[in-house]
Amino acid sequence: MAERYKLASGIIIHRNSLPNGDLLISLFNQTGKLRAIAKKGKKLGGNIARMSLFNDITVQYYQKDANSLAVLTQVQLNGSLEKLTLPEIYPYAHILAEMVDKLSQNDLSEPKIYSYLASGLKGLSEFADAEKITIIYAWKIIQQAGLAPRLEHCSICNKNELSNRFNLNTGGITCTSCNSGVYISNEVLEYLQTIHKTTIRAMLEHKLLNSKEHWKLLKNYSSYHINEIKSLASLETMI
Amino acid sequence: MRYPPSLLNLIRELGKLPGVGPKSAQRLAFYLQKQTSNDIQALADAILDAKDSLQQCKTCFNISEKDQCAVCEDSLRKQNIICVVAEAADLLAIERSGEYSGLYHVLHGNLSPMNGIGPDQLTIKALLTRLDNIDEVILATSTTVEGEATAMYIAKLLSEIEINVSRIAYGLPVGGDLEYADEVTLGRAISNRRAV
């Protein structure tokens, strides 16, 4: 007989309050995404403080079968990053969490994406340059999800003589003969190429230039290849 | 046997209400079907009347039947202090406490970029226009990550103006035992302790 009570640990990447006092959370870990409901989770004195967005928790849940929604029965807090609520960091944390939420599937193992999310959120709460950290981790997450842009060869004809045109439709840079797409500067192109070739630790040493252009490209690329990342829109108003 | 279309439609509409699942909707539909036409008419009228007459207060964005809500119209309340809350229901909760007699400002949500809620979707700009002759702003958004971030964002905006900004206290519920408190609440209660 299948065990109906299970344990899972992970980071809360989405939290939705329902009008009847229940909480609907999305927990992301190495084995994928778990959507679960905490009955009367908004009630004070229960587990509400543990079930805050971006918290790392372990839960016991009850799930009748694979198609039904998991019901949380116990919650334990493993860690929380309080600095993520700071106005200069908060929207960046949302970008990473939303991106992972939109890229991940239930029960699909994605240990590397989990590791990027966990270290990205930790990096945001510990380092000064939230903008740089978010851009690096966002592209790393996209790369790990198998949607990395083509930056070494023309994304249309595979030639090597690259232009400064990025074609969203073909998902990468184009050559001087194909020459189609939006303009990107040499600094942004080189930065992106380095992100995809090197480690995050090494990447943190590189200076981020033309950040507005980076955000524009990330916004357009993710809208085309993933889905609209709503958090990206809030950057203009919150930062 | 299939339900008659009108009954099915009623169950479907009732099922859209928060906290009402399919079974409860079915139970309510059967209950309503047994009521007199007058009672049903009174219920329908009450729903339509509330929908037609309720609006947001033009000053504080509380729910009101007039341009100004009862709190904003009350000249006996302290006019130099504003308590910022996320929802009108939070305002009513604070009013029930009987401890506050100043003005309010309802934001109608908390900042949540992943849900498309930024500062422009809230009434933050309107709050900034109300600060003449105000000595203190109390940030009474919830203590969730979203509520905390909203409070910190508003505090950052207000730091450029000479005005006292305070945040509601964190801590244990009155009458609660320490051993049953979760570690986050207890940690906050310790770090935000006060002298006695």
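Just so we're on the same page: letters track the sequence lines, and every chain starts at 1.
Sparse packing is recorded around CD of B:E162, with 12 or fewer heavy atoms of other residues, nucleotides or ligands lying under 6.0 Å away. Heavy-atom neighbours of A:K216 NZ from other residues, nucleotides or ligands within 6.0 Å: at or below the threshold of 12. Enclosure of atom NZ in B:K78 is not indicated, since only 12 or fewer non-hydrogen atoms of other residues, nucleotides or ligands lie within 6.0 angstrom.
For the pair A:I229/A:K219, no side-chain contact is recorded, criterion being any heavy-atom separation below 4.5 Å from C-beta on. Annotation: side chain of A:E187 is not in contact with side chain of A:K207 (no heavy-atom distance under 4.5 Å).
Using a 4.5 Å cut-off between heavy atoms, B:L172 does not touch chain A at all. Contact annotation for B:S112: both backbone and side-chain heavy atoms come within less than 4.5 Å of a heavy atom of chain A. In this structure, the portions of A:L86 lying under 4.5 Å from any heavy atom of chain B include both its backbone and its side chain. Only the side chain of A:E82 comes within contact range of chain B, judged by heavy atoms closer than 4.5 Å. Using a 4.5 Å cut-off between heavy atoms, B:Q121 does not touch chain A at all. Contact of A:I12 with chain B is not made at all, since no heavy-atom distance falls under 4.5 Å.
Taking the ring axis of A:Y116 as reference, the NZ or CZ atom of A:K112 stays within 45° of it and closer than 6.0 Å to the ring centre.
No other option in B:L111, B:D120, B:T150, B:I117 has as many heavy-atom pairs under 4.5 Å with chain A as B:L111. Interface remark: of the candidates A:N16, A:L53, A:L18, A:L53 forms the most heavy-atom pairs closer than 4.5 Å to chain B. Ranked by heavy-atom pairs under 4.5 Å with chain B, the list A:G21, A:S231, A:P91, A:A233 is led by A:S231.
Salt-bridge formation is not detected for the pair A:K33/A:E110: no Lys NZ or Arg NE/NH1/NH2 atom is positioned less than 4.0 Å from an Asp or Glu carboxylate oxygen.
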